[in-house]
2 protein chains.
Amino acid sequence: MPRPLPSLADIARHAGVAISTVSRVLRGQGTVAPATARRITAAARRLRYRPNLLVQGMQTGRTRTIGVMVPVDDPFHADMVCGIHDALVAEDFCPLVLWSGPARPPHRTVTELEQLHRMIDRRVDGIILRPVIDDADDVYFHEAIERDLPVIAVDRVLTNAQVDFVGCDDADGGRLAAEHFLALGHRHLGHVAGALFTSTGRQRHDAFLAAAAAAGAACQVAEDPTFSDGEQQACQLLAAAPRITAMFCANDLLAAGAYRAAARLGRRIPADLSIIGFGDLPLAALMAPPLTTVQQHAYQIGSLAARRMLVRCAGDRSAPQRLLVPVTFAPRASTARVP
Amino acid sequence: MPRPLPSLADIARHAGVAISTVSRVLRGQGTVAPATARRITAAARRLRYRPNLLVQGMQTGRTRTIGVMVPVDDPFHADMVCGIHDALVAEDFCPLVLWSGPARPPHRTVTELEQLHRMIDRRVDGIILRPVIDDADDVYFHEAIERDLPVIAVDRVLTNAQVDFVGCDDADGGRLAAEHFLALGHRHLGHVAGALFTSTGRQRHDAFLAAAAAAGAACQVAEDPTFSDGEQQACQLLAAAPRITAMFCANDLLAAGAYRAAARLGRRIPADLSIIGFGDLPLAALMAPPLTTVQQHAYQIGSLAARRMLVRCAGDRSAPQRLLVPVTFAPRASTARVP
DNA sequence: ATGAAAGCGCTAACAG
DNA sequence: CTGTTAGCGCTTTCAT
């Protein structure tokens, strides 16, 4: 039972003034005689006063806390959360990070709605979320947006609602991958796609194919909506189109699977098969050979999203924005000239 | 400006009863006529009422929120935070995750005290923290413990304060590493230590040396308090004691540095030099050769710490406990019989 | 079984 | 310049 912290009343008593005077001094508002102010600040310090943001939040309706529905169990999202954290803290806000989905034993699965309620019950000033695969969009619409809570989607767009979006330029990434292959002389391309019903997967796919088509190069596609087995997908792709010499994978994990597939089929990387990933996870540079990939800059995405949220919290009511953090291309050793 | 959510007063008005009756029904306390209760729950649902935990927190002094001072920027700590999150959420609590230290551009460094205040100002019910290198212990003592806030240290012990500790069995890890080497016939061991002024580094070091000494094996140590350059440390170690055939690194990153050192010196792993890491980061299994290492189970540590915190929050005032999650040994391909 | 009222810590008018 | 007062949404007596 944490003992109650000192209150304004305690300070007032010690300084021999009214509570409202203390409030004025501590908030730097209104006009107070310097001598009185000094007595009050001294008493506050002596009592080690800390403001009660619960009360302040109740009064003003603003808690300086932002709900963040992003898991931290993979490096990409963790990095994004870091960016959000740093940007919020810089403005004296806090992230309240919660996420849904299955938990490891001994814990149980938690629903998105449940977590959303936990945030709302604590009266967060807004919600930054990374949409999950299924159609949980309605939940956000119903629970948050209708309640006039600012919502910002990161990484993937929220399809059923008009809200700000911050992500990376997935299309540009797909284009860069294609152009890299084309510049190396490849004419028979393959793409191991992620889930094509997500905005990220769809755009990487479309842009890669568009750039290939524009150059008159052939391109075969395999889709792996679960992201679970890049090896399997890459094998099928190479079996269906043996002439493929270059493969663009929708993320680095799929690329790792493709490495295994190549090894299984006796194709050397990059001599026989060039591979490009997406994301630049920490493991990408450590793979053998180091993976050529598109860098996403999750930290910047998070930071930008948080700053956008702060603008919304400050009262901005303008139309939803679509903010793209540029991707960069990291050429490493998994790509080479066409054999 | 989020519009104010419906309040008990709104429900009371809609149901034609007094506020206190609504309160009773929603909290399942007291006795209310079934018919009245039904009218009230119906009105609450219709208005989409959500309780205001700020007010509840102000009243009761409990916010069902736990401050978590653990960074999310490396996989080990992120995993720990996952465990904390899942265990807290399972009991309808929330983690408030904040951490100190330098932030990437464009953000600035944040102090531990600042973050601690952010938590206290929001009236968290307790604080789980991963002590940093410097002696910030006093801060916690002064700001939290003296305020009667339960504090739990994870991973590293908080030296200057008597609080619960949850970590892994670092000593056992050091011992396991030594025994593995000894079983493979190694007699000339090396240890690239982390910071020996941390409980983790110290215990891994002490236990490894003790086990080596007990078996009469020689052991040379290099310390790298900054964890910044395993390659450099390993090189020096091998230069100073060329007969070393087995090296225990205080963490996996140092082990990665040792790999580079071995390559530089023309020592093959594991043929000429066996290496053991600590932590089992995701990269460990991906290294070439896959790294033999001690697994720490950060998720379990986090989960256990959170559950301990919930017990403290429930009023447990017993003496500080020291809880150790067992480590496990993961033999992979970086260790072999002595040449 | 239900209502009225006090109070939690603080802000924001409004008086002096 | 400073004090008084009325809430904010809810819990908790105390009446009825």
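Per chain, numbering begins at 1; letters A, B, ... match sequence-line order.
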* Asked: Looking only at side-chain N and O atoms, does B/Thr36 come under 4.0 Å of OP1 or OP2 in C/dT2?
  ->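 Answer is yes, contact under 4.0 Å.
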* To do: Output yes when at least one side-chain N/O atom of A/Thr21 is less than 4.0 Å from OP1 or OP2 of D/dT2, else no.
  =>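 Answer is no, no contact under 4.0 Å.
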* Asked: Base, sugar-phosphate, or nothing for A/Ser7, non-hydrogen atoms under 4.0 angstrom?
  ->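 Result for A/Ser7 = sugar-phosphate.
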Given atom [atom1] of [X] and atom [atom2] of [N], what is their separation to the nearest angstrom?
X        : N      : atom1 : atom2 : answer
B/Leu5   : D/dC8  : CG    : P     : 15 Å
B/Arg62  : C/dC8  : CZ    : C1'   : 15 Å
B/Ile11  : D/dG9  : CD1   : P     : 12 Å
B/Met58  : D/dC8  : CE    : P     : 13 Å
B/Ile40  : C/dA1  : CD1   : C1'   : 11 Å
A/Asn52  : C/dC10 : CG    : C1'   : 8 Å
A/Leu54  : D/dC10 : CG    : P     : 14 Å
B/Asp121 : C/dG9  : CG    : C1'   : 14 Å

Lys/Arg-Asp/Glu bridge criterion (N-O < 4.0 Å) met for [X], [Y]:
X        : Y        : value
A/Arg312 : A/Asp164 : yes
B/Arg108 : A/Glu91  : no
B/Asp10  : B/Arg13  : yes
B/Asp79  : A/Arg104 : yes

Quick check: does any side chain N or O of [X] sit under 3.5 Å from a backbone N or O of [Y], one acting as donor and the other as acceptor?
X        : Y        : result
B/Ser199 : B/Val157 : yes
A/His117 : B/Arg50  : no
B/Arg156 : B/Thr198 : no

* Quick check: are there more than 12 heavy atoms from other residues, nucleotides or ligands sitting under 6.0 Å from CD of A/Gln162? ->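 Result for CD/A/Gln162: open.
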* To do: Measure the shortest side-chain to side-chain distance between A/Ile145 and A/Val163 over non-hydrogen atoms and say whether it is less than 4.5 angstrom.
  =>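 Side chain of A/Ile145 against side chain of A/Val163, heavy atoms only: contact under 4.5 Å found.
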* Asked: Just how large is the angle between the end axes of the helix from C/dA1-D/dT16 to C/dG16-D/dC1, five pairs per end, to 10 degrees?
  ->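 Angle reported: 50°, given to the nearest ten degrees.
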* Structure fact -> Heavy-atom contacts, protein to nucleotides 11-16 of chain D, under 4.0 Å, summarised as B (base), S (sugar-phosphate only) or - (none) per nt, yield BB----
* Which comes earlier along DNA chain D counting from the 5' end, the contact point of B/Pro51 or that of A/Ala37, where each point is its nearest nucleotide? ->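 Its nucleotide being nearer the 5' end, the pick is A/Ala37.
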